[in-house]
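Structure, as structure tokens:
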Number of protein chains: 2
Amino acid sequence: MKKITLKDIGKHFGVSISTVSKAVRDSHEISTELKLKIQKYAKENNYKPNKVALSLLNKSTKTIGVVIPNILNYFFIQVLYGIEKIANEKGYNIISCISDESNEKEGKTLEVLDAGTVDGLIMSLTNDSDLNKNIGYLQEIASSQIPVVLFDRVSDAINCDKVIVDDYESGFKTTEYFINIGCKNIAVITPIGNSNIGKLRVDGYKKALHKNGISFDEGMVLNIEPKHDLDLEMSFLLNYKKIDALLCLDEITAVKVQSIVKERGYSVPGDISIIGFTNGQLSKYVTPAMTMVSQHGKYIGEIASKMLIKRIEEPDGGEPFETKVIKTSLIVRESTKKIN
Amino acid sequence: MKKITLKDIGKHFGVSISTVSKAVRDSHEISTELKLKIQKYAKENNYKPNKVALSLLNKSTKTIGVVIPNILNYFFIQVLYGIEKIANEKGYNIISCISDESNEKEGKTLEVLDAGTVDGLIMSLTNDSDLNKNIGYLQEIASSQIPVVLFDRVSDAINCDKVIVDDYESGFKTTEYFINIGCKNIAVITPIGNSNIGKLRVDGYKKALHKNGISFDEGMVLNIEPKHDLDLEMSFLLNYKKIDALLCLDEITAVKVQSIVKERGYSVPGDISIIGFTNGQLSKYVTPAMTMVSQHGKYIGEIASKMLIKRIEEPDGGEPFETKVIKTSLIVRESTKKIN
DNA sequence: ATGAAAGCGCTAACAG
DNA sequence: CTGTTAGCGCTTTCAT
């Protein structure tokens, strides 16, 4: 038997649909006797108010859309986990969409989410969406449809709440950490070279070099792409110059790079110290366990979720948009050590 | 300006709402001139038919609910990825819920999903849901509300389509693999001892021992729980008997166990060979790289998604329920080797 | 070629 | 106490 409705119940008892509605919601307006009968019947038949109808009525779906570029990336999973946790506590559901680093899929996803399915949107942009038509679309949505919170990969062109990592600062601090333990030839390996956050981290890196009197060398920044042969590229880099530190801008790259470096006979951290971004599940268990920059993904998700729900629920009191910066922390393990 | 509706457009042109509806959907019933005007206006104002209204009308939400026990587990992520991929291709969205291995949260989640929000449900049960009130509830949903597909952690008590791994066979084959490379003292470490799949794998293990004339020893099966001290438990196990092979029933356990074993001075695979379940991101990068049983998570997700959507879209032609068994494969790496 | 009306399932305001 | 009405946004007959 398919889902039972108020109408069905009403028919069964020969009463009106609004009476039933009131009865199941235990209104004082209904006689106790009738209420009991109806409630019993409703329970037995597993009646539940249809959410879709309620959504239409209340103009609120109690769901929030989450768009992330890559679900196989532990950082995003952590953020998703944080978002879900808070959303769940506050009675919201999550529609999760994966843009797969594709502008096109990102756009399609926005179309769906912009059609009344969700009360708000939490999103991290695809890698190259800075030069992306979706930006305009998103700005449109944020400004006139539903609240939007951007995290991690954000864009200045969109006016909304944001939660970001202090990428510049973080690139700076990490580089100084290398310098403080005695490293001088510090290379950067980035799979996110054309994203804003990648650029910021590299800028921080440059700043740290500059401050410490080390001249910046373009050749020490290795931009990699999924299709590239990392092994080969690393071989060029290692032959290019004597290197004593490697800063990798995501976890999987860090782990792969460490493995390549070890295979080529370098000792980590004896010859080369390595630090990676994103403290996920991988870095802890490889040998040597890797020193990582933790972005506190779960926390970012929680914050984003809270900000969004606040926007959704508060009469758009028009608090000015906020950008929260989450500080990273360095989790020091065995892939770095002081050179004496 | 908030979302624009047909009514708004109608008012603007002084025509009826149904005319507008037809116009935006390019009906031949409307004069070209009017159609063009309306369509232009609609585009300019970013009109999009409200999905919620459509859902109510069509009694179809074009979304499917996914309930997984643990999002920080790579197997489930892979499944989710596979589900999303297919669903997306077929125009469905995913509402993802995390039951966090809690019966209670699982139940709440079902309540929400059972209220007309989704057209179908893909789910893996919480660890101990065999002795779980939700089972009855789920059976109720599956039998009378919406199609349900269970994967991995399923239950016989629920009558629906299922996608499972050949856990018994897989426990058997893996154990025989150990035996074939010369191992005799094979221990099992399971964090999922009270789940069906955990039991099946252990049963397969027993069968292989038996077939090869090795007697089964209860003490060689180590049930662990999140709160337990794995280090300590492993120490007991290693002192209990000389062990030359360890079968770990999930990836993170495998990695941790290998790390503990190495720390205690054993060589892997020299002294002890190790195999783990779930070929995720971890096992490939630890040292030594671990031999793993791949369950083909993404493929499982794709299959589940296809089965569900077929049920949703096909006039419930009442094909009998199917249980698809996905064969595992052994990815041999360096944590196992032949003993001579 | 356009519009009125019904209905998806529900709630709320208002009558009786 | 119970019922009628209207309306959320949309599509779909069925008039006109």
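Letters A, B, ... mirror the listed sequences (proteins, then strands); counts begin at 1. Just so it is clear, the structure is predicted and the values come from calculations on it, not from any experiment.
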**Request:** To the nearest Å, give me how far apart CG (Leu56(A)) and P (dA12(C)) are.
**Result:** 14 Å
**Request:** Mind calculating the distance between CD1 (Ile17(A)) and P (dG3(D)) to the nearest angstrom?
**Result:** 12 Å
**Nearest-Å distance for atom pair NZ/P, residues Lys22(A) and dG3(D)** = 9 Å
**Item:** Any donor-acceptor pair under 3.5 Å from Asn50(B) side chain to Val52(B) backbone
**Value:** yes
**Request:** Look at Ser21(A) and dT11(C) and indicate whether a side-chain polar atom (N or O) is within less than 4.0 Å of OP1 or OP2.
**Result:** yes
**Request:** Under 4.0 Å between any heavy atoms, over every strand shown, what does Val15(B) touch: base, sugar-phosphate, or nothing? Just pick one.
**Result:** sugar-phosphate
**Message:** If you go through the side-chain atoms of Ser18(A), does one of them form a donor-acceptor pair with the base of dT5(D) closer than 3.5 Å?
**Reply:** no
**Request:** Mind checking the CG-CG spacing from Leu138(A) to Leu110(A)? Nearest 0.5 Å is all I need.
**Result:** 5.0 Å
**Asked** Of all the nucleotides listed (dC10(C), dG7(C), dT2(D)), which has the minimum atom distance to the side chain of Leu57(A)?
**Response** dC10(C)
**Message:** Let's see if you can work this out: which of dC8(D), dT12(D), dT11(C) has an atom nearest to the side-chain heavy atoms of Arg25(A)?
**Reply:** dT11(C)
**Message:** Tell me the interatomic distance from Leu6(A), atom CG, to dT5(D), atom C1', rounded to whole angstroms.
**Reply:** 16 Å
**Prompt:** Which is true for Lys7(B) with a 4.0 Å heavy-atom rule: it touches a base, it touches only sugar-phosphate, or it touches nothing?
**Reply:** sugar-phosphate
**Request:** State whether the number of non-hydrogen atoms from other residues, nucleotides or ligands found under 6.0 Å of Glu44(A) atom CD is greater than 12.
**Result:** yes
